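Every number for a ligand or one of its atoms is a count from 1 in the order of the listing. Since we're looking at a predicted model, the values are computed, not measured.
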Amino acid sequence: MRIGVLTSGGDAQGMNPALRAVVRRAIQRGASCSAIREGYAGLVSGEITPIGWLDVSYILHKGGTDIGTARCAEFRTLEGRRRAAENLMRAGINRLAVIGGDGSLTGADTLRREWSRHVQDLLSSGRITPEQATPSLYIVGMTGSIDNDMWGTSSTIGSDSALNRIVDAVDTLTSTASSHQRSFVVEVMGRRCGFLAAAAAVATGADFLLIPEAPVPDWRAELRQAVLAGRQQGRRKSIVLLAEGAISVTGEPITAAMVKAALEADPGWDTRVTVLGHVQRGGAPSAQDRVLSTRLGVAAVDALMAMTDGAEPLLMTTAGASVSPRPLMHCVAQTHRTGAAIAACRFDEALADRGPEMTELLDIYRRSAPTASGKPRRTIVVANLGAPAPGMNAALQTVVRLAASEGVGVLAAQEGLRGLAEGKLRRLSWHDVDGLPSQGATILGTNRWLPEADDVRLEAALAEADGLILIGGFACLTAAQRLRETLPVVIVPATISNNVPATDRSIGSDTACNVICEAVDRLKQSAVGSRDRVFMVEVMGRRCGYLAWTAGIGSGAEVVYTHEQGIFLSDLIADIAALQESFTRGKSVGIVLVADGASDAYDTHTLARIYGEESGGRFDTRVCVLGHLQQGGRPSPGDRVLASRLARVAVARVLDGESGLVGEVDGAVVVTALAGVTADALNRRPLARRVDGPGVSGLAPTEA
Ligand code: ADP
């Protein structure tokens, strides 16, 4: 069985990891793979070449697509597609993995629908032989689109990386804007979809947002009002995020120049425009994009290989971390329907089509608008617990601002629950939390101190509070159990190791995965030109292997050691032998990720010595302990957005007078009652966590 793979339409970071996954999964499953160069242009011209395991080595970290992409007018014609069919049949391909936008996916479906007609015509004109003729073409698509504009999937390939580029740019602009008290209009991509702009607005705390799906009535007046309100609260700069397809309520396009003119209508408002353009498509794929694309590629090959006569094309879609197939043309049709709804100014319909996350983002953005602090009707207390995690500050900002929008005041405990017990509480206003999402760690301070069950100081400190929001790690479960009789307690999981149960993700783990992937990229580069080398990279997580597993997929690690799996001598010997074999076949650098609590018997240095001793001189081994690097740094947009989405629900829950743990499951924000949260208390991790099968994790070793 031979699978063809192509990338088409606008490029997106993550296309290379998807390509790598398709090629390697196909080989792993006993199929072979051919690359079609330059999208449909290569299909029409016959630029189709076999592609093997080593051809996709060292591309996981690269933006763009190594097999090229293009827009091809000829493929839109019947004769162009006939030549494509001819080339596919000559190359022995009847299964196609297409990575592209809705246009590319539509094109693939058109070719499939016409297939039998092409077969007949090509046979009767003698362009193919009866042996070359294949009765069916099978298609599986993956959406490569930085805009995140496909119906039925929570993320498209490239959108998280693009969001990283945007948020980096806005964070950077913020310091210069503040210095000069300027306003910046930042135009981001999204001709028909406002996801990037909306997510960036939440991740950076922007003053104003203009997107296609949710136009603002009388936007000029609203814009000036929003900017003025921010300035009155003490803001020294204003950021307006503008999707390139933004429109007014009556459907007229809104350009960056129009926004600038509207702002400068008031004398003295110095406004600059920054159009981010193709910067958003560039650069390395984020950890999330690498993992997502790998999962999609593996699932796409499995689906393609299972297709039999009459199988309809499928699109591989995601809901958070889970991947599932959906009918491709249904997703494309729904996406077009959303575009039509926007064009016809049926905005409620368009917004509903975008799914719940978009609605959550808009709700956070709108309710985070400047609010003067009056006398609060109610008060909630917020405290951190456990190690610092990037994104804790974003959660705090959303708690304070959304509470303020309800007339609720927030008292923040300094230095965790110990500070709370000591009465170290500070009232936070809208302005106090301004600019927080871009800041790493936590302005509140945090520690692991837990109250004794009979500690009355906490009860006294919380006497006037209507609820407590705990932002932190596993220890929050113990604290919440001890305090929930006193007042409603809601946990917002924030720990890089992602070991809190009842959630697929916790705040901070995305940033940490990015740190690990970037570190491994650098380690691999450092080994260029040196002799064959294995890097043994120790990552955090203790007995929870999430970081090691996820970063292992994102960084292309050959071996991952976690406590869940355990480390046995027999495994070590087999892993070393497999690496020796890989080096013999052409690999020059190997990566082994070790969770820092993977084994009581073998620490990372011991493992490295065993590798060194047993490698037989085939490679040398170096240790790199990433340590606290993983806890610091600017939070990724993924963590900021997750933090705000979880905090939004936490505020609602605590004000309803209910306790619980807010998490994200299959992409949706859910609350689990504390009584329903179960955990492996001994190992401080969930009882079970879905991990990717060997298909996803086993793509790194060099195979024949
Ligand atoms: P994207 O895939 O990113 O949406 P385009 O819409 O430009 O980008 O499509 C990429 C290519 O896919 C086009 O250049 C063309 O070759 C092919 N294509 C797009 N739409 C169709 C269609 N309706 N029929 C046939 N081919 C199409």
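Judged by distance alone, the side chains of Gln288 and Ser286 never bring a donor and an acceptor atom under 3.5 Å apart.
Val140 has its side chain within reach of Met307: a pair of non-hydrogen atoms, C-beta onward, lies under 4.5 Å apart. Side-chain contact between Val56 and Asp66: absent, with no pair of heavy atoms (C-beta onward) separated by less than 4.5 Å. Contact of the Val301 side chain with the Ile3 side chain is registered, since non-hydrogen atoms from C-beta on lie closer than 4.5 Å.
Around NE2 of His336, the count of heavy atoms belonging to other residues, nucleotides or ligands within 6.0 Å exceeds 12.
The residues lining ligand 1, counting any heavy atom closer than 4.0 Å, are Ser8, Gly9, Gly10, Tyr40, Arg71, Cys72, Phe75, Arg76, Arg81, Gly101, Asp102, Gly103, Ser104, Thr106, Gly107, Thr110.
In this structure, the side-chain hydrogen bond (donor to acceptor under 3.5 Å, both in side chains) partners of Ser57, at least two apart in sequence or on a different chain, are Arg24.
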